[in-house]
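Presented below is the structure to which this report refers.
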Amino acid sequence: MSSSRFAAPSPDAPQPGLIERTFTRLFLRPVRVIAATSLSTHFRFIDLEGAAFEGHRWSPGQKLQIKAGGTFEARTYTPASLDVARGVMRIVAFAHGEGPGSEWVRRTRPGDEQQVFGPRRSLELEPLPASTILFGDETSFGLAASLCGRDAPGQGVRAVFEVNAIAESRQVLDALGVQPLALMERRADGSHIGELLAAMVPPMDGSTHYVLTGKAASIQQVSRALKAQGVEARRIKAKAYWAPGKTGID
């Protein structure tokens, strides 16, 4: 999950209100919140229903952008699941901070209408190798659910996470049916990354592939460490969902 901006028409065009209406008509589609279940202080399951999801060819790693706040302000989510027959998508929403995205996560209720862009391609994960390890954080829980959760069709994907609060994160992961290979609390000096890496790199293994998501700086650190341990670049896929103080990452 991350903040981002929609690809917008030229900023030199007059009448911002007209731009917004045109953009919404051409690119965004309406959905309705049909369920919003609080899992903990910061996490909610939010189920969205709409024609945009019916018959869609969905695969894990795709993204959905939800309009939040200003004209082209959006929040990006990696869906946990999609029922194409019913046209219902579930996202694992993480409210952190005080921005418009977190405010929407906290306040949305069944019956609320939203405008969305997608779902569409983001992180290409098909086909997944037989042995894959997902690295991420709280913003990666939706992706983890789609890859190795209770209802995930695939096998062989394991996950490791850096998180702010282990007890809360474990509660959410249990609800998703995700049993992490490792779950560690962040340390300011980044030393926890080394301990996570010990769980990520099986000894004498040259077949495991890695999907790195979440915080940009952590992804860079893990990627460098994996390569230093002999993991070829072709076995690493990465997608940053957020970076402190930055928007526009999706």
Side-chain angles (χ1 to χ4, degrees), residues 1-2 57-64 76-82 90-92 119-163 166 169-170 172-187 190-243 249-250:
M1 176 181 64
S2 62
R57 188 183 180 279
W58 179 75
S59 61
Q62 290 185 355
K63 65 183 177 182
L64 180 75
T76 303
Y77 295 88
T78 305
S81 64
L82 175 60
R90 168 165 287 185
I91 61 173
V92 183
R120 58 196 178 98
R121 186 167 58 184
S122 178
L123 185 59
E124 289 292 338
L125 298 178
E126 287 190 333
L128 271 176
S131 176
T132 299
I133 292 180
L134 168 68
F135 168 85
D137 58 19
E138 294 92 340
T139 64
S140 311
F141 287 178
L143 177 60
S146 69
L147 293 175
C148 55
R150 181 179 298 105
D151 300 321
Q155 301 293 326
V157 180
R158 294 164 292 171
V160 302
F161 300 104
E162 58 167 354
V163 298
I166 287 180
S169 295
R170 193 174 298 281
V172 176
L173 292 170
D174 285 348
L176 292 169
V178 175
Q179 300 299 319
L181 189 62
L183 182 65
M184 296 204 63
E185 196 165 301
R186 288 186 182 89
R187 300 177 195 144
S191 60
H192 63 285
I193 296 293
E195 296 179 39
L196 285 173
L197 281 162
M200 292 177 66
V201 186
M204 305 300 293
D205 181 89
S207 62
T208 299
H209 286 238
Y210 299 88
V211 178
L212 312 182
T213 61
K215 185 179 179 182
S218 296
I219 289 173
Q220 294 169 358
Q221 187 177 351
V222 171
S223 181
R224 286 193 300 265
L226 288 174
K227 291 173 182 176
Q229 294 189 44
V231 177
E232 306 97 324
R234 65 178 179 83
R235 290 197 280 139
I236 302 173
K237 290 188 176 184
K239 180 69 176 179
Y241 291 157
W242 67 283
I249 297 178
D250 71 350

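From a predicted model like this one, the values you see are computed outputs, not experimental measurements. Heavy-atom basis, side chains included; hydrogens, waters and symmetry copies ignored. Along the sequence shown, residues carry numbers from 1.
- Pairing each heavy atom of Arg158 with each of Ser131, the nearest pair is NH2-OG, 3.3 Å.
- Side-chain contact between Ser81 and Asp151: absent, with no pair of heavy atoms (C-beta onward) separated by less than 4.5 Å.
- Between Tyr77 and Lys63, every side-chain heavy-atom pair lies at or beyond the 4.5 Å cut-off.
- Within the model, atoms CG of Leu123 and CG of Leu212 stand 9.5 Å from one another, a figure rounded to the nearest 0.5 Å.
- Counting heavy atoms from C-beta outward, Gln62 and Arg120 have side chains that stay 4.5 Å or more apart.
- Using a 4.5 Å heavy-atom cutoff, the side chains of Ile193 and Phe135 are in contact.
- Put simply, the residue from Thr76, Asp137, Thr78 that forms a side chain to side chain donor-acceptor pair (under 3.5 Å) with Tyr241 is Thr78.
- Between Val157 and Val211 there is no side-chain heavy-atom pair separated by less than 4.5 Å.
- Across all non-hydrogen atoms, the minimal contact from Ala199 to Ala182 is CB-CB, 4.0 Å.
- Scanning both residues, Leu143 and Gly61, for their nearest heavy atoms gives CD1-N, 3.7 Å.
- Other residues, nucleotides and ligands contribute at most 12 non-hydrogen atoms within 6.0 Å of the CZ atom of Arg170.
- Contact annotation: the side chain of Lys237 never approaches that of His209 to less than 4.5 Å [non-hydrogen atoms, C-beta and beyond].
- Looking at Glu138 and Ser169, their side chains come closer than 4.5 Å, going by heavy atoms from C-beta outward.
- From Ile133, atom CD1 reaches atom CG of Leu147 across 13.0 Å, with rounding to the nearest 0.5 Å.
- Among the candidates Val92, Val163, Val178, the single residue satisfying the side chain to side chain contact (heavy atoms under 4.5 Å, CB included) test with Leu173 is Val178.
- Checked by atom type and distance alone, the side chain of Arg150 pairs as donor or acceptor with a backbone atom of Ala175 at under 3.5 Å.
- Here the shortest heavy-atom pairing between Pro79 and Ile91 reads CA-CG2, 4.4 Å.
- The structure places CZ of Phe141 at 10.0 Å from OG1 of Thr213, a figure rounded to the nearest 0.5 Å.
- By the 4.5 Å heavy-atom criterion applied to side chains, Met200 and Gln229 are not counted as neighbours.
- The side chain to side chain contact (heavy atoms under 4.5 Å, CB included) with Tyr210 is formed by just one residue from the set Thr132, Val201, Val160, Leu134; it is Val201.
- In terms of heavy atoms, Pro119 sits closest to Leu64 at N-CD1, 3.7 Å.
- For the pair His192 and Glu162, the tightest heavy-atom approach, listed with the atom from each and the gap, is NE2-OE1, 2.6 Å.
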